[in-house]
Structure formats: C-alpha cells, structure tokens
Amino acid sequence: ARATREHRAFTCLLVRWLEDNWPPELPRDWPFTSISVNCDYAAKRHRDRRNAGPSLWKCFGDFTGGQLRYWPRDPGPRKLKDVCALRETDAVLLDGTGERVLVFDGKCAHAVEPFEG
C-alpha cells in the first residue's frame, strides 16, 4: 500500500496498461487487488498462498530466458506439500514476452526460469 501511495502515477500507468491490454479469458469487470513488479528476480518454485483468483503474467525488457515454468495440474498443498516433488515433465513453459497478457492459476506451482539481460 505504501508503494502505491508513494508512486501513484506509476500505479495509475500500470492499471491503465492492464485495462488497455485485458486478457480476453477474463471478464472486463474482474477485480484485482494487487500488482507485483519484479526486476532481475527469478522466483523459485512456489505456490501463491493468498490468491483469490487467477494471476496474470507479462514480461517487459531486453532479456532472454525467464519463462514461467508452471504446473497447471498441481494437486495443491493438501495432497502434495512439497512443490519440489512435482515432476518437471508435468510443467509447461509460459512465455510472457509476447503481445498478450497470460492468465494462470498462481495457487498452482510456478517458477521463473533463469534469464540473462
């Protein structure tokens, strides 16, 4: 909340960009409560704990790699506590560098692949 207040113009720019590039899979009135901006960060395999709905994925910048490795059939923490036990062959790679914003379930395991740039 503090970052939103301190960088109000940037927050408004991000919201406007998202409104202008809304993914067609989601209804236009779908509410969102947060925007996470990461720079030079490759998240390890994890599940988002507090998500109330879908997550969106979009990458910007001059880099190679950095795809999102995503386990869409992750059974969740009640059936499989350790995300490292998921098989690599069950994951898909999502490339967030294209024109569209990608939609995925952040409560399923995901990780950012190594990148350069």
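Residue numbers run from 1 in the order of the sequence given.
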Engineer: Determine yes or no for a side-chain-to-main-chain donor-acceptor pair under 3.5 angstrom, with Asp95 supplying the side chain and Thr97 the backbone.
Structural biologist: yes
Engineer: Rounded to the nearest 0.5 Å, what separation is found between the CG atom of Asp90 and the CZ atom of Arg69?
Structural biologist: 11.0 Å
Engineer: Answer yes or no: is there an ion pair linking Glu99 with Lys58, defined by an N-O contact shorter than 4.0 Å?
Structural biologist: no
Engineer: Calculate, to the nearest 0.5 Å, the distance between atoms NE2 and CZ belonging to His110 and Arg45 respectively.
Structural biologist: 12.0 Å
Engineer: Evaluate the side-chain proximity of Leu56 to Phe32: yes if any heavy-atom separation is below 4.5 Å, no if none is.
Structural biologist: no
Engineer: Is the CD atom of Glu88 crowded by more than 12 outside heavy atoms at less than 6.0 Å?
Structural biologist: yes
Engineer: Between Pro72 and Cys108, which heavy-atom pair has the shortest distance, and what is it?
Structural biologist: O-SG, 3.7 Å
Engineer: Any chance you could measure Thr33, atom OG1, to Asn51, atom CG, to the nearest 0.5 Å?
Structural biologist: 8.0 Å
Engineer: Hydrophobic cluster membership, with links at side-chain heavy-atom distances under 4.5 Å among I/L/V/M/F/W/Y: are Leu68 and Ile35 in one?
Structural biologist: no
Engineer: Hey, any chance Leu102 and Trp30 share a hydrophobic cluster, counting ILVMFWY side chains that come within less than 4.5 Å of each other, even indirectly?
Structural biologist: no
Engineer: Supply the atom-to-atom distance Asp105 CG to Arg73 CZ, rounded to the nearest 0.5 angstrom.
Structural biologist: 13.0 Å
Engineer: A side-chain contact here means heavy atoms from C-beta on lying under 4.5 Å apart; do Pro24 and Arg100 qualify?
Structural biologist: yes
Engineer: Determine the minimum heavy-atom distance between Gly66 and Val112, stating which atoms define it.
Structural biologist: O-CG1, 3.8 Å
Engineer: Going only through I, L, V, M, F, W and Y residues with side-chain contacts under 4.5 Å, is there a path from Val103 to Leu93?
Structural biologist: no
Engineer: CZ of Arg28: more than 12 outside heavy atoms within 6.0 angstrom?
Structural biologist: yes
Engineer: Hey, is the main chain of Pro27 close enough, under 3.5 Å, to the side chain of Trp22 for a donor-acceptor pair?
Structural biologist: yes
Engineer: Using only atom types and a distance under 3.5 Å, with no angle test, would you say the side chain of Trp71 pairs donor to acceptor with the backbone of Val92?
Structural biologist: no
Engineer: What residues, two or more places apart in sequence or in another chain, satisfy ring pair (Phe, Tyr, Trp, His ring centres under 6.0 Å) together with Tyr70?
Structural biologist: Phe104
Engineer: When hydrophobic residues are tied together by side-chain contacts of less than 4.5 Å, even through go-betweens, does Phe60 share a cluster with Leu13?
Structural biologist: yes
Engineer: Rounded to the nearest 0.5 Å, what's the gap from CZ on Phe115 to CD on Gln67? Could you check?
Structural biologist: 11.5 Å
Engineer: May I ask you to decide whether Arg47 forms a salt bridge with Asp74, counting only side-chain N to carboxylate O separations under 4.0 Å?
Structural biologist: yes
Engineer: Treating Ile, Leu, Val, Met, Phe, Trp and Tyr as nodes and any side-chain heavy-atom pair under 4.5 angstrom as an edge, say whether Leu14 and Leu26 lie in one connected cluster.
Structural biologist: yes
Engineer: Distance check, rounded to the nearest 0.5 Å: Trp57 atom CH2 versus Cys59 atom SG?
Structural biologist: 4.0 Å
